[in-house]
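Encoded as structure tokens, the structure appears first; notes follow it.
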Amino acid sequence: AMSITPGGWVGIGTDDPNYLQQNNSSTIYSTFQLTNSVTGSESTDGTYISQSTNNLVIDNQEESGEILIRTGGAESVRIDNLGKVGIGTADPLAQLHIENDSTYNSALFVKAADGQTARPIWFQDYDGNTQFTVMADGQVGIGTDDPAGRLDVDGITTGLGIHFTGSNARSDPMLTI
């Protein structure tokens, strides 16, 4: 059933819409489908915006289609057809690709919420082996998930294991192993 209130509000599946347009379904799915002359108009074409149980679902049915989020008239986030997410880039090169412009000091900022303890960041391989760790207290581990000092390198290196470049104000740079 469809209703239009005297104020111009449209209800689909309801006689008493709460908003300018409200779709209500008697099943667990309430779906809005968008199609055009390029996508076609079949039930498997275009884009769906659905309420499925308690989840919001945005589903682009087109094989090469992407999902774009724009703010202020400019693209902010893109999810490509392979599931790669780009923030600040229209061409994500990895599962998460963050591209920074000169407006911000950092491309990634991680901060604990008020009253919460900061958590470590781990980079692991497919088998779950920790490759790189940044602990909440600033200690860094390479090859360990529990660094024992400011920089803890664990593992066997071949060739040049540690490489320093740049300049330092100290006249007596030192490395103790």
Side-chain angles (χ1 to χ4, degrees), residues 1-114 116-136 140-143 145:
M2 180 175 157
S3 64
I4 301 176
T5 68
W9 290 20
V10 176
I12 300 173
T14 180
D15 293 330
D16 188 21
N18 296 309
Y19 298 96
L20 185 58
Q21 180 178 345
Q22 180 179 354
N23 296 359
N24 186 51
S25 175
S26 60
T27 68
I28 62 170
Y29 297 103
S30 180
T31 302
F32 184 70
Q33 181 182 14
L34 300 168
T35 60
N36 60 32
S37 62
V38 175
T39 65
S41 60
E42 298 298 319
S43 64
T44 57
D45 292 331
T47 299
Y48 299 97
I49 301 172
S50 306
Q51 178 72 39
S52 171
T53 314
N54 294 325
N55 300 313
L56 172 66
V57 179
I58 301 172
D59 186 357
N60 188 341
Q61 294 289 321
E62 304 306 309
E63 291 89 13
S64 61
E66 300 182 340
I67 296 174
L68 309 178
I69 298 174
R70 296 177 176 265
T71 56
E75 183 177 320
S76 299
V77 178
R78 175 181 296 250
I79 303 172
D80 74 9
N81 61 329
L82 300 175
K84 295 184 290 185
V85 177
I87 300 174
T89 179
D91 186 23
L93 301 175
Q95 282 304 115
L96 176 61
H97 178 161
I98 301 172
E99 198 162 301
N100 192 10
D101 64 22
S102 61
T103 306
Y104 305 102
N105 293 331
S106 176
L108 178 63
F109 182 79
V110 179
K111 179 181 177 185
D114 287 343
Q116 299 296 312
T117 303
R119 302 285 190 243
I121 299 171
W122 291 286
F123 294 84
Q124 296 182 336
D125 65 16
Y126 176 79
D127 295 322
N129 300 310
T130 299
Q131 303 298 311
F132 185 79
T133 305
V134 180
M135 300 300 288
V140 174
I142 300 172
D145 59 6

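Fair warning: this is a prediction, and the values are worked out from it, not measured in the lab.
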Contact check, side chains of Ile98 and Val85, non-hydrogen atoms, under 4.5 Å: no
Under the 3.5 angstrom rule, does the side chain of Asn23 hit a backbone N or O of Ser30 as a donor-acceptor pair? no
Report yes if some heavy atom in the side chain of Phe132 is under 4.5 Å from a heavy atom in the side chain of Thr130; otherwise report no. no
Trace of the side chain to side chain donor-acceptor pair (under 3.5 Å) decision for Thr35 with Ser41: CA-CA 6 Å; Thr35 60; Ser41 60; 5.6 Å; no
Nearest-0.5 Å distance, CD1 of residue Ile79 to CG of residue Asn60: 10.5 Å
Tell me every residue that passes ring-ring contact (aromatic ring centres under 6.0 Å, His included) with Phe32, counting only those two or more places apart in sequence or in another chain. none
Looking only at side chains, do Gln61 and Asp59 share a donor and an acceptor under 3.5 Å apart? yes
With no hydrogens and no angle check, is any side-chain donor or acceptor of Thr89 less than 3.5 Å from a backbone partner on Gly86? no
Residue pairs, two or more places apart or on separate chains, that pass side-chain hydrogen bond (donor to acceptor under 3.5 Å, both in side chains) and touch residues 4-19: Asn18-Gln22
Before you tell me yes or no, could you show the steps for Thr31 and Ile49 under side-chain contact (heavy atoms from CB on, under 4.5 Å), namely the whole-Å CA-CA distance, both residues' side-chain angles and the distance that decides it to 0.1 Å? CA-CA 6 Å; Thr31 302; Ile49 301 172; over 6 Å; no
For Thr27 and Ser25, test the side chains for any donor-to-acceptor distance below 3.5 angstrom and give the result as yes or no. yes
Please identify each residue that fulfils salt bridge (Lys or Arg N to Asp or Glu O under 4.0 Å) with Asp80, with sequence neighbours left out. Lys84
When you measure from the side chain of Arg78 to the backbone of Leu68, do you find a donor-acceptor pair of N or O atoms at a distance under 3.5 Å? no
Determine, stepwise, if the pair Gln131 / Asp125 fulfils side chain to side chain donor-acceptor pair (under 3.5 Å). CA-CA 7 Å; Gln131 303 298 311; Asp125 65 16; 3.3 Å; yes
Before you tell me yes or no, could you show the steps for Ile4 and Met2 under side-chain contact (heavy atoms from CB on, under 4.5 Å), namely the whole-Å CA-CA distance, both residues' side-chain angles and the distance that decides it to 0.1 Å? CA-CA 7 Å; Ile4 301 176; Met2 180 175 157; 4.2 Å; yes
Heavy-atom check, side chain of Ile121 versus side chain of Thr133, under 4.5 Å: no
